[in-house]
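Worksheet: one structure, shown below.
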Amino acid sequence: MFKKILIANRGEIAVRIIAACREMGITTIAVYSDVDRAALHVRKSDEAYSIGPAPAAESYLRMDKILDVAKHAGAEAIHPGYGFLSENAKFAQACADAGVKFIGPTPHAMEMMGSKTRARQEMEKAGVPVVPGTSRGLVSPEEGEEVAARIGYPVMLKAAAGGGGKGMRLVHSSEELRSALEYAQSEAQRSFGDSEVYIEKAIVNPRHIEMQVLADEHGNTVWLGERECSIQRRHQKVLEEAPSPIVDADMRRRMGEVAVKVAQAANYTNAGTVEFLVDEQKNFYFLEMNTRLQVEHPVTELTTGLDLVHLQIRIAAGEKLPFTQSDVEMRGHAVECRIYAEDPDNNYFPSPGKITLLLEPSGPAIRRDSGMYEGWNVPVDYDPLLAKLIGYGSDREQAIMRLQRALSEYFVAGIKTNISLFQRILGDADFRTAKLDTGYLDRLLAKGNQDEASNARDPQIEALEMIAAIATGMFAVLDPASPGTKNGSVIATGSGPASVPSNWKQKGRSEALR
Ligand code: MV4
């Protein structure tokens, strides 16, 4: 087993990986940019090295600097986390060349999945269901029109080098196709330096469901169940759950077996995720494979009882998978909320700044993976994901109930967060009945805006109510017997004198408040 691992990442995922290393007795090496000098992953690691200025291109994306640190500090392996260099085949190759183990798949597997047309070709060959369409770049608008006429409109134009929705165009009719293709090709060229665009039949109101796989370096591959990831906004996932409420045991096994086939066709090793689009008839189609540990991996950990980071490290160290497919048991339900530093009242715009007060939930079946602490300054330079709050239960209802309770206890001051959004989602009738597809969140937010418009309130009256509430709280702190308290604790309204059932309790609380 490795003695020392470098974590080429920051935030909650770096903290998560450090925790796994600590459990395994592995020394951790953090890297940080100038604005992350005091970040939580730096404070939690055994050693930490500066790698440059705030912009990721000058720090967390600098392969040379990270490999220099690895050599200097004696790291035997590098965990890339997600984002940054995690799906960069050149980095995986540079690690191999430097004699440092990259904790992830081979450069070859990463390259195959990096090109969407190449991946489609390989998957068709392997007998994996893909969305009807072409597996090569379109050479002319005429070819596009021909294929579209055959598979039927609407169609989707996609960049071969894309993923995550960039360079993607929905086309409803042949009249739109020529200009849409030109647009998609030029956007693909601008974004990826590669203008290759292919065509697929558009799946209407799809769900996004993905399957976790794990493969060791001895030819053993297993699937670990699916995650429902349809709740997203602008290709950014917001809430994920395992299992998917629409997947039954038979569909799960079929999806799992297809995912294993995908992994084997790519000679895949380590942890990976096979993404599927699922149509309204529950047909599923291979979309792409993510060659990294994903943000939402905790819901799979909670429902399988496995530790994916431990297993990634053991696989990278050359160990065999310590279990077989028939040993994998899925139990209960887990729901994850991604807590972002963004302002719900300002179109979910990033909201960096200092965290002045932080009260964090815990309790039965609540997991919190966090990269923040009170007093920390959230930088503007990176993804605004602060933490993930995950609720587990024996069924979906219990997981949701626990999550609602925990969310009500979460208090972050100094910056804006999207915590309020989750109370809306978890209380929403369509969410409760699992009427989900990739358009769900946009519909919910549109509904909310209507409600807000019809319930428009006078901001001056709102401000006065706020002042009154703060004043009540202050009186409570200064004088536990004030009308604003009951048994020494603050109550919501300040009407009438508080009863005093127990004097010693009140004294104790007033002491504690000093
Ligand atoms: C699609 C699709 C409908 N039909 N492909 C968006 C991101 C990229 N990875 C694939 N995406 C889609 N591909 C066909 N043939 C709808 C989407 C899509 C989507 C997929 C997953 C999660 C969220 C999404 C939001 C909008 C569109």
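Hydrogens, waters and symmetry mates play no part in the numbers below; they use all other heavy atoms, side chains included. The structure displayed is predicted, hence computed values, not measured ones. Whatever order the structure lists ligands and atoms in, that order sets their numbers, starting from 1. Positions are given from 1 along the sequence.
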Below 3.5 angstrom, do we get any N/O pair linking I203 and ligand 1?
-> yes
Residue, atom name and distance, where the atom is the protein heavy atom closest to atom 26 (C) of ligand 1 = H235 CE1, 3.6 Å
Enumerated ligand 1 atoms positioned under 4.0 Å from heavy atoms of E200 | 5 (N), 14 (C), 15 (N)
What atoms in ligand 1 come closer than 4.0 Å to a heavy atom of L277?
-> 1 (C), 2 (C), 3 (C), 4 (N), 5 (N), 13 (N), 14 (C), 20 (C)
Distance from atom 8 (C) of ligand 1 to nearest protein heavy atom, with residue and atom | G165 N, 3.8 Å
Pick one: which of R227, R292, H297, E210 meets side-chain hydrogen bond (donor to acceptor under 3.5 Å, both in side chains) with T273?
-> R227
Check each atom of ligand 1 against the heavy atoms of E288 and keep those under 4.0 Å away; list them by number with element.
-> 9 (N)
Counting from 1 in the order shown, the ligand 1 atoms closer than 4.0 Å to a non-hydrogen atom of T438 are 22 (C), 23 (C), 24 (C), 25 (C)
Numbered in order shown, the ligand 1 atoms found under 4.0 Å of a heavy atom of V131 are 15 (N)
NZ or CZ of R233 within 45° of Y340 ring axis and under 6.0 Å | no
Heavy-atom nearest neighbour of atom 16 (C) of ligand 1 within options M156, R233, K201, E275 | M156
Considering the heavy atoms of A202, write down every atom of ligand 1 situated less than 4.0 Å from one of them.
-> 4 (N), 15 (N)
Who's the nearest protein heavy-atom neighbour of atom 11 (N) of ligand 1, and how far?
-> M168 SD, 3.5 Å
Enter the distance from M168:CE to H235:NE2 here, rounded to the nearest 0.5 Å.
-> 4.5 Å
Under 4.0 Å from a heavy atom of K158: give me the atoms of ligand 1 that qualify, with their elements.
-> 1 (C), 5 (N), 10 (C), 13 (N), 14 (C)
H208: numbered ligand 1 atoms lying under 4.0 Å from its heavy atoms | 21 (C), 22 (C)
Check: D36 and H41 side chains under 4.5 Å, non-hydrogen atoms = yes
In this structure, CG of N205 is separated from CD of E280 (nearest 0.5 Å) by 4.5 Å
Can R405 and E409 be counted as an ion pair, charged N to O under 4.0 angstrom?
-> yes
Establish, for the pair R169 and Y183, whether the NZ or CZ atom is under 6.0 angstrom from the six-membered ring centre and no further than 45 degrees off its axis.
-> yes
Protein contact to atom 25 (C) of ligand 1 [nearest heavy atom, distance to 0.1 Å] | Q232 NE2, 3.4 Å
Test: R314 and D216 ion pair at under 4.0 Å = no
Correct closest heavy-atom pair for E226 and S244 would be OE2-N, 2.8 Å
